[in-house]
Amino acid sequence: MSGDQLHNDSQIDSGSRTNDSHKHKDKHKDREHKHKDHKKDKEREKSKHSNSEHKDSSEKKNKDKDKVKHKDGSSEKHKDKHKDKRKDEKSKSSSGETKIKMEKENGFASPPHIKAEPESNHCLSPKHNKSLKRERDDDDADFKPKKIKIENEKKAKKKKQDQEDIKPKKKTKDKRGAAADGKKRVKKEPEEKWKWWEEERYTDGVKWKFLEHKGPVFAPDYEPLPSKVKFYYDGKPMKLSPQTEEVATFFAKMLDHEYTTKDIFRKNFFKDWRKEMTSEEKSILTDLKKCDFTEMSEYFKAQSEARKQMTKEEKLKIKEENERLLQEYGFCVMDNHKERIANFRIEPPGLFRGRGDHPKMGMLKRRIQPEEIIINCSKDSKIPPAPAGHKWKEVRHDNKVTWLVSWNENIQGSIKYIMLNPSSRIKGEKDWQKYETARKLKKCVDRLRNQYREDWKSKEMKIRQRAVALYFIDKLALRAGNEKEEGESADTVGCCSLRVEHIKLYPEMDGQEFVVEFDFLGKDSIRYYNKVPVEKRVFKNLQLFMENKQPEDDLFDRLNTSILNKHLQELMDGLTAKVFRTYNASITLQQQLKELTNPDENLPAKILSYNRANRAVAVLCNHQRAPPKTFEKSMQNLQTKIDSKKDQISASRRELKSAKADAKVRRDEKTKKCVESKKKAVQRLEEQLMKLEVQATDREENKQIALGTSKLNYLDPRISVAWCKKWDVPIEKIYNKTQREKFAWAIDMAEEDYEF
DNA sequence: ACGCGGACTTAGCAACATACCG
DNA sequence: CGGTATGTTGCTAAGTCCGCGT
């Protein structure tokens, strides 16, 4: 019934769909889909275990009586770019055999135990969330930065450090901290840290009232090579003009990287290099193959070797110089407070290397001149001077944005910015708000889920697609998937931009029904591979969406991120696709922590539990990393240690035994004591062994999973802080110094009973 | 609606710094 | 004390999403 029905229905509209889903703009000439880079992806490949379904109570009662059709007039606009054969070897990717065992950890993020709280209105009502705190009074009279509170941070810090270095009386003060971060120079923060989270916030898009900074630091000028370092063309030495030589050095420095052997890289490089050449050079240097950079390359290797061999003093000097630069340019004043800048250096010139199969790899990233720089600061601030003999492109005073400096980048034509550090108020507030939005989603996620399940039955194709896509985003934490211009970057996709070739449907597989196999490259060309059983209705819809389409056609041809987000916005104020990732990540952490933490276990075991919870999130979000180069070896080392520890234990046991025997015979105080101490020794060793084993497990499980990204971007830090408080785990075990700075707000405000 | 520029978040990797081991 | 394993920071590419102009 429903199947046939659907089928028929779909034919009604398949006409129109097929029509345009097959007309392709021909802008996509061809792209050679080589995907050589797949090696890496393969290595990382893993199969995620299937996730459990949302509760699917209402399943049976919905028959597919509805008609599916496109609303006529509905934009027949297809995202019909992908014509060419993007078929590539992906298919041969053996389905996830490498898999990382994670059992339920990677389960679907929605915990069953969250009951629907009764505030649908909460979510519906637009614009009511307003602020976490009172609004900031905007006519705040004395908001001008007359006095800068933390102005002496620098000095204070310095002094502190000195102190520290001199007399390590740190222990008293920072006993908990000492363990986790450096024992010696525990850098002290300035006494009273500014708690911006206790202040009112701006409304109406104003980001600051006062902003002063020193401008960017430019890349050092090019220093020509010593004349003894030769470049050869066709076997003959050739002196290059400085600009030409500079670009040549970029290539030389990459010589032993694999990508200098790639055609696209070489082609792009050579084309851009030639643009830098004098006409004479241009006429001579016509073939990259005849260019010999090896002497240059050797020279740079020697240089970096020499750098490593520098004496302590030399190194210290460099360090001091860097520190000076940081102190001068690394901070700004924003609204009365000195704040750290994230990236105060302009990106130096070099050869572009995108990630994955990037069509622009090898292109020359130009050196940026002051004349290309836009400075943003407040009118009444001291405007940073341009370098001598130069001027800025523009100085503007836009307090509706957060950046201090911007420039255009020549590879993608995008804008680059200098902005503040994550510890800054402006970033922190935003981050906090992000988690508040996710918590708001928590309150209405059940309603939303019911909604999209209903929409699977809609008669409008567009709505069905939207609903299925949303299901994926929710269940699998996929990214939204904006359209990308073809040929501008690597061919990667997200949910809305999935193509037919990226999924395979299996009505039945390994005893499970309705399995969808995903295999595509996502952000940063990281492979997403997963086999998921889905609800029947989803499965049927997918079949419908795929009817009469080519592999390179869009799966959701009536959907894009803008349509989806518009819909989400209507369901909940502030809701967009990425909120689901945040929500599902955070709720998974919370729930996993609850599940995995064993109150009786010791500290290392608790931390392992935390890492496992964290890992469950990383798996959900597909945060992968290349296995560390030294992984096997370090694993082996650890095993050796474990083995020797075991030996020690048995030796120690034997001693204990004989001591006991001895004690039985001699029955004096001394031997008794001896037994006791042997007993202790065994215990201690066993504890050490445990710790090592835990470490080994942790590391093994972490082989190709990156925890950092989720920790930094997806997990409400208050969950972690609360967990630490609850179980008496020092926060330093979970967050390093940078992370503690970024999450200072959460550390300060979350209590042990915090609920996401 | 749509396409695009702009602003801002999220991402993995490499270089660097520090802890650790023999 | 030097060399290596491990943790941290810097770097910048690659996403998301919004708002504007058409």
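Every chain is numbered from 1 and lettered A, B, ... according to where its sequence line falls, protein lines coming before strand lines.
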K.L.:
Taking atom types as modelled, is there a side-chain donor on A:Lys484 or A:Thr492 under 3.5 Å from an acceptor on the other?
P.N.:
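Side chains of A:Lys484 and A:Thr492: pair found under 3.5 Å.
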K.L.:
Between B:dA7, C:dT12, B:dT10, spot the one nearest the side chain of A:Asn343, thanks.
P.N.:
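Among B:dA7, C:dT12, B:dT10, the one nearest the side chain of A:Asn343 is C:dT12.
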K.L.:
Over how many whole Å does the gap from A:Tyr528 atom OH to B:dA11 atom P extend?
P.N.:
14 Å
K.L.:
So, is A:Tyr417 close to the B:dT9 phosphate, meaning a side-chain N or O under 4.0 Å from OP1 or OP2?
P.N.:
no
K.L.:
Salt bridge between A:Glu394 and A:Arg396, side-chain N to carboxylate O under 4.0 Å?
P.N.:
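Yes, this pair counts.
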K.L.:
To the nearest Å, give me how far apart CD (A:Glu488) and C1' (B:dG5) are.
P.N.:
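Roughly 14 Å, once rounded to whole Å.
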K.L.:
Of the nucleotides B:dC8, B:dA11, B:dG6, which one has an atom closest to the side chain of A:Ile415?
P.N.:
B:dG6
K.L.:
When you measure from the side-chain N and O atoms of A:Lys319 to the phosphate of B:dA17, is any distance below 4.0 Å, counting only OP1 and OP2?
P.N.:
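A:Lys319 to B:dA17 OP1/OP2: no side-chain N or O under 4.0 Å.
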K.L.:
Just the rounded figure in Å: distance from C1' of B:dC8 to CG of A:Asn421.
P.N.:
15 Å
K.L.:
Does a nitrogen or oxygen in the side chain of A:Arg699 sit under 4.0 Å from OP1 or OP2 of C:dT6?
P.N.:
yes
K.L.:
Quick one: A:Arg340 CZ to C:dT8 P, roughly how many Å, whole number?
P.N.:
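Rounded to whole Å, this separation is 16 Å.
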K.L.:
Which residues satisfy the salt bridge (Lys or Arg N to Asp or Glu O under 4.0 Å) test with A:Arg466, sequence neighbours excluded?
P.N.:
A:Asp455
K.L.:
So, does A:Asn736 get its side chain near the phosphate of C:dG7, meaning an N or O under 4.0 Å from OP1 or OP2?
P.N.:
no
K.L.:
Using side chain to side chain contact (heavy atoms under 4.5 Å, CB included) as the criterion, list what pairs up with A:Glu372, not counting sequence neighbours.
P.N.:
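With neighbours one apart ignored, the set is A:Arg366, A:Ile368, A:Gln369.
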K.L.:
Distance check needed: B:dT10 C1' versus A:Ile526 CD1, whole Å only.
P.N.:
13 Å
K.L.:
Under 4.0 Å, counting only non-hydrogen atoms across every strand here, what does A:Pro348 touch: a base, just sugar-phosphate, or nothing?
P.N.:
sugar-phosphate
K.L.:
Can you work out whether A:Val401 or A:Thr709 has the more 5'-proximal nearest nucleotide on DNA chain B?
P.N.:
A:Val401
K.L.:
What contact category does A:Lys711 fall into here, base, sugar-phosphate, or nothing, at under 4.0 angstrom with non-hydrogen atoms?
P.N.:
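No contact.
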K.L.:
If a protein heavy atom is under 4.0 Å from the base, mark B; if only from the sugar-phosphate, S; if neither, -; do that for nucleotides 13-22 of chain C going 5' to 3'.
P.N.:
SBSBBS----
K.L.:
If you measure from the Lys or Arg side-chain nitrogens to the Asp or Glu carboxylate oxygens, is any gap between A:Glu339 and A:Arg425 under 4.0 Å?
P.N.:
no
K.L.:
Which residue lies toward the 5' end of DNA chain B, A:His257 or A:Asn408, if each is placed at its nearest nucleotide?
P.N.:
A:Asn408
K.L.:
Identify whether any heavy atom of A:Thr402 sits under 4.0 Å from a base atom; if not, whether one sits that close to sugar-phosphate; answer base, sugar-phosphate or nothing.
P.N.:
sugar-phosphate
K.L.:
Taking only residues two or more places apart in sequence, or in another chain, which ones meet A:Lys301 in a salt bridge (Lys or Arg N to Asp or Glu O under 4.0 Å)?
P.N.:
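For A:Lys301, the residues satisfying salt bridge (Lys or Arg N to Asp or Glu O under 4.0 Å) (neighbours in sequence not counted) are A:Asp256, A:Glu298.
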K.L.:
Starting the side chain at C-beta, find the nucleotide from B:dT9, B:dA7, C:dG10 nearest to A:Trp403.
P.N.:
B:dA7
K.L.:
Whole Å only: how far is the CG atom of A:Asp398 from the C1' atom of B:dG5?
P.N.:
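These atoms are roughly 14 Å apart.
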K.L.:
Identify whether any heavy atom of A:Arg581 sits under 4.0 Å from a base atom; if not, whether one sits that close to sugar-phosphate; answer base, sugar-phosphate or nothing.
P.N.:
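Sugar-phosphate, backbone atoms only, no base.
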K.L.:
Would you kindly give the NZ-to-C1' distance between A:Lys400 and B:dC8, to the nearest whole Å?
P.N.:
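Those two atoms, NZ and C1', are 17 Å apart.
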K.L.:
Can you list everything that forms a salt bridge (Lys or Arg N to Asp or Glu O under 4.0 Å) with A:Glu321? Sequence neighbours excluded, please.
P.N.:
A:Arg324
K.L.:
Using whole Å, what does the distance between atom P of nucleotide C:dG7 and atom CD of A:Glu732 come to?
P.N.:
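Rounded to whole Å, this separation is 16 Å.
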K.L.:
How would you list, by chain and number, every residue that makes a side chain to side chain contact (heavy atoms under 4.5 Å, CB included) with A:Pro422, sequence neighbours excluded?
P.N.:
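A:Lys742.
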